[in-house]
Structure formats: structure tokens, C-alpha cells
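These figures come from a predicted structure and were not determined experimentally. The first residue of the sequence shown is numbered 1, and numbering continues consecutively from there.
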Amino acid sequence: MDMFSAFLSSFSTILQPDVLAYMISGFLIGTFFGAMPGLTSVLAIALLLPITYSLDVVSALVMCSSIFMAGMYSGSITAITINIPGAPSSVMTAVEGNALMKKGFGANALGHAALGSMIGGVIGVLLLVCLAPITAKLSLYIQTPGKFSLILFSLVVIVISHKKFIIRAAIATLMGMMVASIGIDVMQPISRFDYGTEALMEGIDMMPLIIGVFAISEILYQTQVGKLQLNVGDAAKQIKRRDFFPKISEIKEIGLWTYLKSSTIGYMVGVLPGAGGSVAAFISYADAKRRSKNKDEYGKGSREGIVAAESANNSMCGGAFVPMLVFGIPGDPTTAIVLGVLMINGLQPGVRLLENQVDMIAPMFASLFISALILIPLTLYILGPYFIKIVSIKRSVLYPCIAVVAIVGSYVATYSMFQMSMAIVFGLVAFLMRMNNYPTVPLLLGYVLGPGLEQYFRRSMSLNDGDPSIFITNLDSLFFILLTFVFTYFLVIKKEKVRS
């Protein structure tokens with residue numbers, strides 16, 4: 001069965017009562033976490049990951065994908081209403097949306113954000129369904145040296161995407177790779193870096209690392225830098241359901257091309273490992289501003305700016321699944337956790353997954369599609385006037401509850417007191433990293449990609465009797481090495497020359 005046919009037939013799976021319930025509950029959970037400043041869809045999936053052990057793989061993936069789409073969209077809610085982005089990808093939305101909110105057009109701004117998110121999400125999924133099989137077939141031509149160079153390219157892009165903190169991002173990535181090297185060797189049945197302890201012989205499980213880095217550290221960080229309660233004032237009273245629908249004249253002024261182009265930009269950025277929704281939103285916003293006929297409106301409440309940012313960050317969801325499913329390289333932190341769900345259920349990314357087990361993957365795409373096309377506008381219309389009340393929940397009550405769920409979840413996932421203690425340790429480490437401006441996402445991605453980098457390097461060297469020239473003589477490997485230098489030049493070296 002080809003991908004598109006499987007995608008169409010998977011809607012019948014989604015409409016099964018139990019699967020539909022998981023999708024809707026996942027969307028509502030993602031909306032809640034995305035709208036709460038300081039909480040993200042990544043945290044939501046990290047907390048719910050232990051629950052996926054008791055679910056079948058289809059239900060788990062459907063729930064995770066709906067959380068992903070909802071979390072990406074709902075960050076715009078508080079960005080517009082109280083100028084606090086619920087997610088990093090909503091920063092540009094806050095600039096334009098809150099300006100409209102102050103002018104009395106908050107509901108209208110929310111409507112445009114929802115429409116942009118809906119169109120961007122739908123286009124991103126359609127591009128994913130159409131292009132992923134082509135990408136998978138091309139991946140068959142990548143040999144072992146090329147796979148090493150591809151992972152190396154991905155790690156470099158992840159590091160240099162943290163513009164002002166490249167050195168610190170590199171250190172965090174190396175830390176993740178070091179943690180992944182603990183335990184059984186990737187190619188030989190011997191234990192490494194266990195220091196004579198049986199607990200370390202098993203290695204560090206992905207679950208405590210995810211929960212520690214994204215849940216426990218977030219709680220500690222928010223208690224230090226966040227407000228325990230937000231004053232929302234009369235913002236909720238200004239919103240009425242009939243005001244959520246964008247006017248046809250406004251949509252025409254923005255133009256269909258803006259929706260399509262922003263969505264395409266978001267998808268392409270999503271395909272790049274480590275880029276994420278914030279990069280997609282910023283690039284699309286900057287491009288829309290550069291080409292806009294109404295440049296003067298930007299910064300003062302531009303509906304076009306909202307649409308550009310929201311279309312891009314939601315279409316990024318579809319793009320981020322491509323490298324994860326084809327190469328096992330997560331496109332962003334959320335897909336890194338979804339990769340964990342696949343691995344827990346014994347599914348390995350690659351061509352075989354997309355060809356032989358497409359019936360398990362296609363419902364996840366359908367969940368993304370339905371979440372974007374139906375659930376985003378539906379929840380905005382039904383719950384719009386109440387969204388703002390989410391932020392009034394006291395953090396002094398919310399955070400302890402999340403901490404208990406995180407710690408218990410890390411134990412349930414492994415039934416190991418040692419692994420549970422590792423979640424706390426990594427939470428403290430990630431908290432200290434964040435307090436000193438060290439990014440934590442490269443830590444997880446280094447952990448995920450490190451074993452593959454080592455494995456393909458050692459295999460390549462064995463194939464060529466220890467001669468590293470194999471990475472240059474193989475055309476696929478040479479291509480990714482050259483691509484690494486190109487990205488490094490344009491994103492780092494050239495920018496430094498311009499500044500000087």
C-alpha cells in the first residue's frame with residue numbers, strides 16, 4: 001500500500017471511538033500545556049510518555065501527534081492576549097498579536113492565528129505524505145559513510161542554530177553523546193564507563209533523560225524566573241465568539257500566496273534537524289515583512305505577520321517528521337520524543353517502516369491533519385473566551401503536581417529506582433545549564449544521535465582498513481560534508497564577517 005492510500009484509509013482508524021478519544025484528549029492536553037507560559041507540548045509528551053507503555057502503538061502515536069499540533073498552535077493564545085508566548089515559536093506572534101489586542105482586536109488576532117495555523121498544519125501534512133516516500137527511496141542510495149556524514153551534518157546544524165551560544169550548544173551536544181556511550185558498546189557485547197556498577201552497565205534510559213531535561217528542569221527553572229501567578233485583568237471579557245472569524249476582506253488583503261509560501265517555508269525548515277518552530281516562524285515572518293506592501297504595520301499589529309508566523313510554525317510539524325521517520329534523526333525536540341515512542345514499540349525508522357508498516361504510521365499523519373483542519377478552529381470557537389483563564393491557575397499548585405507526575409512516570413517507565421534518580425539528576429543538571437545559558441535540547445539530540453554517529457564511523461573505518469579517506473571518496477558522504485561546510489559558512493562565518 002502506498003503512503004497516500006494508507007493516509008486516506010487511516011481516517012477510518014481515527015474514527016474508532018477509542019482512537020478518536022485519545023486524539024481529542026491529546027489535543028486538549030497539548031492546548032493546555034501550549035497555552036501555559038513556561039509549559040510546552042514537549043513537556044506534555046514527556047509526562048505522558050510512560051502512559052504509552054499501556055497503549056497500542058497507533059493510539060500512542062495519534063495522541064502524541066495531536067499534542068504536537070495543538071501545542072504549536074496554542075502558544076499563540078497567551079502570546080496575543082497577555083504578550084507572553086506560550087511557546088518559543090510564538091514570539092513573533094506576540095509582537096503583532098498583542099499590539100492588536102491593545103487596540104481591541106484580540107479576538108480577531110486569535111482568529112487569524114488559528115486560520116494560519118490551520119492552513120499551515122494541513123499543507124505541512126500533505127507535503128509530508130507526498131514527499132516522505134520519495135525521500136525514503138532516495139535514502140536507499142546513502143551508504144554507511146554517508147549515514148555518518150548525514151548525522152554529523154545534523155549535529156552541526158543543531159549546534160550552529162543556537163546562534164549566540166554555539167560553543168555552549170556544542171558542549172551540551174557532547175554531554176548527550178557521552179551519556180549515550182555509557183553501558184553496552186554499540187558494536188561489541190562489552191560494557192563501557194560503568195565504573196564497576198551493575199546499574200550503569202544497563203546504560204542511561206531515554207525516559208529519565210527526557211523527563212529530567214524537559215519536565216523537572218522546567219519546574220525548577222520556572223520557580224526561579226517565572227511568576228507564580230499571572231494577572232490577566234479583563235482580557236477574557238473582551239473576547240466574544242462572533243469576533244473570532246477573520247473578515248474576508250482581511251484574508252484577501254493578506255493574500256493566498258502568503259499562506260502558501262509561509263507554509264512551504266515552515267515545512268522546509270522543519271526538515272532541517274534541530275531547526276524547530278521558532279526558526280520557521282522567524283524566517284517566514286522576516287520574509288513576509290520584506291515583501292509586504294504594508295511594512296509600516298509590522299510591529300504595530302500586522303495580521304499578515306501573525307499569519308506568516310503561525311502558518312510556518314504549524315507546517316513545520318509535518319516537516320519535522322521527515323528526518324525522524326526516514327533517517328531516525330529528530331527534526332525537533334517533540335519528534336525526538338516521538339522517536340522514543342517508536343523505539344519503545346520496536347519500530348525502527350527507515351524505508352521499511354514507511355513501506356511495510358505504513359498502516360501504523362499513517363494514522364499519526366491523519367491525526368495531524370484532523371487536528372489542524374478541524375480541532376484548531378473548533379476549539380477556538382468553543383473555548384476561545386475561556387482560553388485566557390488557563391493562565392490564572394496558581395503555579396504554586398500546578399508545579400508540585402507536575403513534579404510528582406514526572407518522578408512517578410520515570411519510575412513506572414523503567415521500574416528502576418536508579419533510573420528514577422537519574423531523572424532527578426538530569427533535571428538538576430539541565431536546570432543549572434539553563435541558568436547559565438546552556439541550551440538543553442542539544443543534550444537530548446546528542447544522546448539520540450550519538451550512538452548512530454559512533455556506529456557508522458566505526459563501520460566505515462572497518463570497511464576501509466582504518467583509512468578515513470572513505471568519507472571523501474564516497475559521493476553521498478562527500479555531499480553531506482560539503483553541505484556541512486556550506487551551512488557553517490553562511491550561518492556562522494559570513495555573519496561574523498558582516499558584523500565586523
Side-chain angles (χ1 to χ4, degrees), residues 3 65 68-69 72-73 87-93 116-139 142 150-151 153-163 255-291 304-305 307-336 338 349 354 365 368-369 372 441 445 479-480 482-484 486-491:
M3 177 67 74
S65 60
F68 190 14
M69 184 64 72
M72 193 62 64
Y73 148 71
S89 58
S90 302
V91 172
M92 306 316 298
T93 305
S117 298
M118 180 185 76
I119 294 175
V122 168
I123 292 176
V125 174
L126 293 177
L127 289 173
L128 168 63
V129 172
C130 295
L131 299 181
I134 299 173
T135 308
K137 290 180 180 179
L138 291 175
S139 69
I142 301 177
L150 172 60
I151 296 177
F153 163 72
S154 303
L155 289 171
V156 171
V157 171
I158 290 166
V159 169
I160 63 179
S161 64
H162 293 81
K163 303 171 185 177
L256 180 61
W257 176 245
T258 300
Y259 290 96
L260 295 176
K261 186 176 183 180
S262 299
S263 300
T264 304
I265 290 174
Y267 176 85
M268 294 174 65
V269 172
V271 172
L272 296 175
S278 55
V279 176
F282 178 78
I283 292 176
S284 179
Y285 176 88
D287 180 76
K289 182 178 180 180
R290 182 171 60 89
R291 298 178 179 275
E304 184 182 43
V307 165
E310 290 300 310
S311 298
N313 62 33
N314 279 269
S315 65
M316 183 281 306
C317 295
F321 277 100
V322 174
M324 188 272 286
L325 291 173
V326 177
F327 301 108
I329 299 173
D332 80 322
T334 304
T335 50
V338 175
L354 295 178
F365 301 160
L368 284 172
F369 187 86
V441 172
L445 297 180
F479 170 77
F480 288 116
L482 292 175
L483 200 61
T484 303
V486 169
F487 269 70
T488 304
Y489 176 78
F490 282 102
L491 296 179

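- Judged as a side-chain contact (heavy atoms from CB on, under 4.5 Å), and not counting sequence neighbours, the contacts of Leu482 are Leu478.
- Under the rule for a side-chain contact (heavy atoms from CB on, under 4.5 Å), the partners of Phe479 that lie at least two apart in sequence or sit in another chain are Leu483.
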Problem - Criterion side chain to side chain contact (heavy atoms under 4.5 Å, CB included) on Val156 and Phe487, from CA distance to verdict - result: CA-CA 9 Å; Val156 171; Phe487 269 70; 6.0 Å; no
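- Rounded to the nearest 0.5 angstrom, Leu126 CG and Leu368 CG are separated by 11.0 Å.
- The structure places CE of Met69 at 5.5 Å from CG of Asn314, a figure rounded to the nearest 0.5 Å.
- For Lys289, the salt bridge (Lys or Arg N to Asp or Glu O under 4.0 Å) criterion is met by no residue, not counting sequence neighbours.
- Take Ile123 and apply the side-chain contact (heavy atoms from CB on, under 4.5 Å) test, not counting sequence neighbours, and it matches Ile119, Leu127, Leu260, Ser263.
- If you take CG on Asn313 and CD1 on Ile265, they are separated by 12.5 Å, rounding to the nearest 0.5 Å.
- For the residue pair Ser284 and Ala312, the shortest heavy atom distance occurs at CB-CB, 3.4 Å.
- The side chain to side chain donor-acceptor pair (under 3.5 Å) check on Tyr285 picks up Glu96, with sequence neighbours excluded.
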Handout entry: Evaluation steps, side chain to side chain contact (heavy atoms under 4.5 Å, CB included), between Leu128 and Tyr267
Key = CA-CA 8 Å; Leu128 168 63; Tyr267 176 85; 4.3 Å; yes
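- The nearest pair of heavy atoms linking Ile134 to Cys130 is CD1-O, 3.8 Å.
- The side chain to side chain donor-acceptor pair (under 3.5 Å) test applied to Thr93 returns Glu310, not counting sequence neighbours.
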Problem - side chain to side chain contact (heavy atoms under 4.5 Å, CB included) assessment of Phe321 paired with Phe68 - result: CA-CA 11 Å; Phe321 277 100; Phe68 190 14; 3.7 Å; yes
Practice task
List the steps, then state whether side chain to side chain contact (heavy atoms under 4.5 Å, CB included) holds for Met268 with Met316.
Solution key: CA-CA 7 Å; Met268 294 174 65; Met316 183 281 306; over 6 Å; no
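- Shown here for Ala308 and Ser262, the closest heavy-atom pair between the two residues is CA-OG, 3.4 Å.
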